[in-house]
Amino acid sequence: MSARGRCARVLPSDVNKVCPERGDEPATHPSKMSDFEVVPNLQQSSSSVSRSRRKAHFPAGSNEKENLISWIPENIRKKECTYFVESSQTSDSGRIVCECGYLREQHLDDAAKPPIFLGKEWDPSRHIQEMPTDAFGDIRFTGLGQKTGKYVRVSSDTPPRVIYHLMTQHWGLDPPNLLISVTGGAKNFVMKPRLKNIFRQGLVKVAQTTGAWIITGGSHAGVMKQVGEAVRDFMLSCSHKEGDIVTIGIATWGTVYNRESLVCPMVSRAAQENPAGPQYVLDEENQGSLSCLDSNHSHFILVDDGTHGRYGVEIPLRTRLEKFISEQTKVKGGVAIKIPIVCVVLEGGPGTLDTIYNAITHGTPCVIVEGSGRVADVIAQVANLPVARITIALIQSKLSVLFQDTYELFTESKLVEWTKKIQDIVRSRQLLTIFREGKYGQQDVDVAILQALFKASRNQDHFGRENCDHQLKLAVAWNRVDIARSEIFTDDHDWKPSDLHPVMAAALISNKPEFVKLFLEQGVRLKDFVTWDTLVYLYDNLAPSCLFHSKLQKVLLEEREHTAGSKVPRLQMHHVSQVLRELLGCSTQPLYPKPKQAERPRLSIPVPHIKLNVQGSSLRSLYKRSPGRVTFTMDPVRDLLIWAVVQNRRELAEIIWAQSQDCMAAALACSKILKELAKEEEDTDTTDDMLALAEEYEHKAIGVFTDCYRKDEERAQKLLTRVSEAWGKTTCLQLALEAKNMNFVSHGGVQAFLTKVWWGKLSVDNGLWRVITCMLFFPLLYTNLITFSREKRLQPPMGCLARLRAFFTAPIVIFLMNTLSYFTFLLLFAYVLMVDFQPAPSWREYLIYFWLFSLVCEETRQLLYDPDGLGIVKMASLYIKDFWNKLDICAILVFIAGLTCRLIPSTLYPGRIILSLAFIIFCLRLMHIFTVSRTLGPKIIIVKRMMKDVFFFLFLLAVWVVSFGVAKQAILIHNEERVEWLFRGVVYHSYLTIFGQIPSYIDGVNFNIDQCSPNGTDPYKPKCPETNGDNNTPIFPEWLTVILLCLYLLFTNILLLNLLIAMFNYTFQQVQEHTDQIWKFQRHDLIQEYHGRPPAPPPLILLSHLQLLLRRGLLRQPATQHKLKEKLEKNEEAALLSWEMYLKESYLQHQQCQEKQNTEQMIRDIAQRVDVLAELLDLDRVKRTGVVEQRLGSLEDQVHQSAQALRWMMQALRGNGFSSAEDVPPVGSSTALGTKELALEGRAEESQPPCHVLARNLLYPGSHILRFPVPDEKVPWEVDFPLYDPPAYSADHKDMAVQDPFSLSLESLLKINYNTMDGLIDRQSFHGLYAVQDGLPLNPMGRTGLRGRGRLHCFGPNHALHPVVTRWRRNLDGSIIRKSLKKMLEVLVAQYPLSDVWALPGGSLEPGETLPLKLKWILRREFWPQFQNLLKQGTEVHKGYLDDPRNTDNAWVETVAISVHFDTQHDLEMKRLNSFLQGCDPELCIRWQVLDKRIPLHANHKELLHKVSTLLGAYY
């Protein structure tokens, strides 16, 4: 916080800057854009962003609100006048006011009667004091819409960091990606309707797409009103919240009308009474000289300096705030950028010109909107002219047209100042962008703004590739791929794929698929991009809201608990693999196995070995190549695809999937992952998106498989069973089954493959009756009754044993034999139960027990069969999941229970009953056999679905049955104590009533006392109802029981039964549509079961079990793979995947063609073309005008050429005596000729700018001194300039032993001898004798706008020496690198202490010295003589005046630049120079830098480098 009473310091550029006219809304801008670094960890930024969003509005919690209410007054101040001094001016109402502008009653109570006399004159530094602010919170604008914003009253001395902290931490604003400072006229002005619409749409578009902040003056007038209305129109036309576009108004508190309503004297009480904030009324009619706030701005910073009615108070604070924001780092998409800033100018007056000049001076790009009026149009009209043609007369003529109302206020000195500033503005063309309506390629303001930033960035000085990286990262941060395509990826620069790796990671993390696609088009190879550490980095930066992120955190917490550690372990890829295996199913192997200690997983792709701490290093370090290379097993496309899919990033995943090789397995795996995540996702919208994306990937797999199957059925079926190493050694078919992708499994090609497996080695053309016949009479196999697939392919015939083995191992034959065996078992079981169930078991019954034992052995084999190594627990869970296995277990357990009872003589009969129940369950097991039938299989599926409906129906039915039964029993029977008869009366009789068996005694008509037991003692009769003791007639209310019965039958018999029928009908229709798919899907389970089942049926299957036991138990042979998997050779697999990838590309092209032919897409394309056509027609008028102007210019050129030709002809004729000079007709217009000559002269001067441009910069370096403005035409001393009155400045260099006098007194100046050696000081100029006037030498190059010697130590020439040390840039093999067919140079540059720029190793020569002091800092003392010899052998490239910002009218710099070039890389002198450089001052920075025109050096040093490159014929 600034000290009390401290006022803002403003650079007095002119009167308008201190007290600008109200017709402007000025602002100044910070220094040029800086490059940005890539940051590795986004967790902190993500959390801060989410925290900011939670605080987007005033904190909901009372504690947070109270904290904010207490924080603002503690950190932010306001200013109040503490001493009333009567002013000579009066208020608008004629009342006496203070010098501060406020009335007496608006001061503090002690202001009118100060205890201590503070002086007669009003002094802001003493009479204005800071105190806690009392105006902040939410502001509500009255009127339609009730718009709400945030505001705060701040002191003009408030540090920008405090305001930035308030906006980002308490107001909840995300740091911007771009800062747009809109400036211009503060009064209402008229714009063309079309230009107004273009400006509004473009400004809002660039703010909305890049996440920018828009900063204006905040008042409801002029350019601020235009910005507010642009935001308003955007809000009305879209569904975005107002917070999406941040519009910040920085206004002066003392000029805000109705500001009293914003003051809350007791902030806490006001917040409680009015939590929504104060209401602000827009009253433009009564505002007078003040201004109202604009209701369309979202935030207001009201700057207070303790005065009233004084405009421009906010300018210094706005300047500092914009500079501070532009120096902040914004984390966006994995990169950290220095927030860029751009100035947009509409209309404006003198203050706006100062704003543009300051912005250009500080390196801020400006966009001038031509056609908006006044200053904007003046600059736009002269922007394309050579600087030499921008004269005082030209500016005067422009001002007379564009400033008609205020032109008489422009004095001659003001015209000179405007001319000088406009010349400097136009001279920096790289920072100036003129937006012209209808200009080709620039129809939108947003494009102009972004192009302005890129143009400034391209022309910004930089080392090597920094500039290109800067532009690309800006485009990624803004998510403007169109700008990247048009402005960055051009033919001017060749991008290496490795250079794009950091921004590729940033685009992935921030979910910018268009950029990912662009980088892939530019040559980024995923195999080179994806490394192990890159994957860890990507998973470290998952979105916290992602379900996969929470599952990973859960795994990490479980590992911490397992290891009993105090810290959560660092995320590794085996943690990711653990979660992925849960999603993909246990049939897949871990994708990223857990490495052993100190062992990195081995990759099959050769990539550099990278050691990285992600938390503490930059993203670019992920791609630094090291010489050691290792290999490890991973698929980069798969890894990126999984990373995108688990975050449900549709477009990104689609782009990556298009790059995949094993595309069908990848699509099915993605479908499986998404379906599993959707089951756990709580957000319904996200769940729907996941399921839709899963279905989309299933369709992709189907599409690719369809194309493959059409081309080659056999190779397509290989794709189904091929073991995919990339996806955990599983198959496409297994992934589809795990994901329940019924559409894929029911595909004709998959079903043909399953049919082929079902028939085994038999031909599928064999009829079922032939198979059954040969099964019963196997000698028929040796006839032609059965054909084999081998014989059908015209291969050699099979032998007898081979035919027998092939037949009986076919799954269909195994199935038929097991079916026949099962029917035999059921028949024998039924016979025993009904006919042959003896106290002592017969041989038939023992056969049944033996048969059942074989069934138990088979079920045990199925349970223990584990070819994938999943473990007994997992196999048991998979076994239990199958419904038919549950039925088998139930039947076996019931049979064992019945057998136990049957073997005990006392429980023989109960045993038979239990065995009878077991028989029912065994019969139900027959339905599994029928699932293979195409006719019965779907019906069984429908029955299973209907059983679920019955379950829910029974729940509803039980409510009615129990309620009616209890009521009936309570009304009719008194105290029935027999439980069995209670159950009959409540449940059984009520249930039978539904089917028409109504109790006879319920209505009393058919009551018979003999059919019941009066006391309930007869166990075979129900208890009698309540009766009359005399005549035994029922006394219960018959009418009530009848009504209850009717209602009961109505609801149960009619309503519920019909409901059940409707449910069955709905289920039937629903399942019937997909019955075929469901049957085909479930058919696989039966085929796979019998594909791996022993060929012998029970009970002979025990022989197969015995053989298996011997092989596995005694011989220790591995289990035979019976699953539908096939491990291919590497060459065969590579060829198969290449073929699949080729057909995938064909499929994608076909999909694109279908999308184009889609009716909806065609309608959208036509609508877009109509819009473009309408836009072109709308621009036709503007373009037609431009074409006419071009044609007129061309015609003018032709006329000028014709006139010159005619003049030459007439002069030739006159020279030969054909005519006299008086008879020569006029040729061409003198005006046109003069204009043309001026244009030609201007072009010549533009190529060679006048001297000392830098020496005329308005702000003298290292001071607050402002030069007198000197336009180009007034530079020569010979040109008369009566207004020239420059200030004088001579710095006192106490550290210099020799310097000229500090004062300009004539007595001290007469002691100096000019144009000769003055003692040790050489005052001779390389340009000859220079003039001396009033004891002061005159700069030979002309006026500079400042008298004295400035920061130079001598009047007259100050001699310097600049060695330019160069060498050729070479490759590792020693060859010279070329660019544009020219050799490239490297130059020695240095950065001195306390300096931000680089320079050539040289400088001013001290009197009597031969080497500059700065050069001595670089070199060791023992190398000085040798370097002097190098200078003597060098080539002089410049000797004379040096355009230096320190030059003045009376002191200037003259230098000698000597080129010292080392032509060979083995030069001994160069090696010695390098060795001596290494031992120089550690505070100095020295480097060999590639010579380029964008190298960041002083401008005058660049001119020297240009001359050296020209001398050596090198690239520049």
Side-chain angles (χ1 to χ4, degrees), residues 1-2 8 27 30 45 48-61 63-79 130-140 148-176 179 181 211-218 242-243 245-253 256 259 262-264 267-268 270-271 275 277-278 280 293 297-305 313-314 316-330 339 341:
M1 185 60 62
S2 300
S45 64
S48 62
V49 169
S50 60
R51 182 173 61 253
S52 299
R53 289 175 178 172
R54 289 196 297 269
K55 297 180 179 179
H57 298 288
F58 237 37
N63 293 333
E64 294 181 359
K65 192 169 185 179
E66 291 175 1
N67 292 337
L68 179 58
I69 291 174
S70 62
W71 183 88
I72 290 182
E74 290 175 0
N75 294 273
I76 298 178
R77 306 278 176 169
K78 67 174 182 176
K79 284 191 174 183
E130 290 186 344
M131 53 191 65
T133 186
D134 57 358
F136 60 89
D138 291 347
I139 177 174
R140 291 188 301 151
T148 303
K150 294 186 181 299
Y151 75 100
V152 65
R153 175 186 181 183
V154 301
S155 168
S156 57
D157 296 328
T158 304
R161 60 178 178 81
V162 176
I163 301 177
Y164 186 73
H165 179 83
L166 171 68
M167 292 191 293
T168 55
Q169 299 299 322
H170 296 284
W171 283 355
L173 297 179
D174 289 336
L179 197 64
S181 180
W213 286 2
I214 302 176
I215 295 182
T216 72
E242 190 172 356
I245 296 183
V246 179
T247 313
I248 303 172
I250 303 179
T252 303
W253 170 263
V256 176
R259 60 182 177 273
L262 303 178
V263 178
C264 303
V267 177
S268 59
Y280 184 83
L293 297 177
H297 284 61
S298 59
H299 301 79
F300 296 93
I301 299 173
L302 307 177
V303 185
D304 183 16
D305 69 338
V313 171
E314 81 283 357
L317 180 60
R318 176 174 173 179
T319 303
R320 298 198 307 271
L321 179 61
E322 291 176 350
K323 184 177 187 300
F324 179 83
I325 295 175
S326 66
E327 294 172 350
Q328 299 309 299
T329 298
K330 167 64 186 287
I339 301 172
I341 181 174

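Just so you know, residue 1 is the first one in the sequence shown, and it goes up from there.
For the atom pair CD1 of Ile245 and CH2 of Trp213, the computed distance is 14.5 Å after rounding to the nearest 0.5 Å. Considering OG1 of Thr158 and CG of Leu321, their distance stands at 10.5 Å, rounded to 0.5 Å. Between the CD1 atom in Ile248 and the CZ atom in Phe300 there is a gap of 11.0 Å [rounded to 0.5 Å]. Remark: Ile301 CD1 to Ile250 CD1 distance equals 4.5 Å, nearest 0.5 Å. Between the CG atom of Asn75 and the CD1 atom of Ile163 there is a distance of 11.5 Å, given to the nearest 0.5 Å.
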Item to check | Ile214 and Val246: CA distance, side-chain angles, deciding distance, side-chain contact (heavy atoms from CB on, under 4.5 Å) verdict | outcome: CA-CA 6 Å; Ile214 302 176; Val246 179; over 6 Å; no

Next on the checklist: For a side-chain contact (heavy atoms from CB on, under 4.5 Å) check, start with the C-alpha distance between Ser156 and Leu317, then their side-chain angles and the critical distance, and finish with the verdict.
Outcome noted: CA-CA 6 Å; Ser156 57; Leu317 180 60; 5.5 Å; no

Item to check | Steps toward side-chain contact (heavy atoms from CB on, under 4.5 Å) verdict (Leu179, Gln328) | outcome: CA-CA 11 Å; Leu179 197 64; Gln328 299 309 299; over 6 Å; no

Checklist entry - Could you walk me through whether Tyr164 and Ile325 pass the side-chain contact (heavy atoms from CB on, under 4.5 Å) check? => result CA-CA 7 Å; Tyr164 186 73; Ile325 295 175; 3.7 Å; yes

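Of all the heavy atoms in Ala251 and Gly217, the pair that sits closest is CB-O, 3.1 Å. When all heavy atoms of Ser181 and Arg318 are compared, the closest pair comes out as OG-NH2, 2.9 Å. The two residues Pro73 and Pro132 make their nearest non-hydrogen contact at O-CB, 3.6 Å. The two residues Lys79 and Ser155 make their nearest non-hydrogen contact at CE-OG, 3.2 Å.
For the pair Thr133 and Val154, the minimum side-chain heavy-atom distance is 4.5 Å or more. Side-chain contact check for Arg259 versus Leu302: every heavy-atom pair is 4.5 Å or farther apart. Side-chain contact between Ile76 and Phe136 is absent, with no heavy-atom pair separated by less than 4.5 Å.
Just one residue in the list Lys78, Arg77, Arg153 forms a salt bridge (charged side-chain N to carboxylate O under 4.0 Å, His left out) with Asp304, and that residue is Arg153.
Scanning for ring pair (Phe, Tyr, Trp, His ring centres under 6.0 Å) contacts around Tyr280 gives Phe141, with sequence neighbours left out. Applying the side-chain hydrogen bond (donor to acceptor under 3.5 Å, both in side chains) test to Thr252 and every residue at least two apart in sequence or in another chain returns Glu314. Residues passing the salt bridge (charged side-chain N to carboxylate O under 4.0 Å, His left out) test with Asp305: none are found, sequence neighbours excluded.
For the pair Tyr151 (side chain) and Leu262 (backbone), a donor-acceptor distance under 3.5 Å is present.
Checking Thr247 against His299 by side-chain atom types alone, no donor-acceptor pair falls below 3.5 Å. Between the side chains of Ser298 and Lys150, no donor-acceptor pair is found at a separation under 3.5 Å.
Ring pair Trp71/His165 is tilted by interplanar angle, where 30° to 60° counts as tilted.
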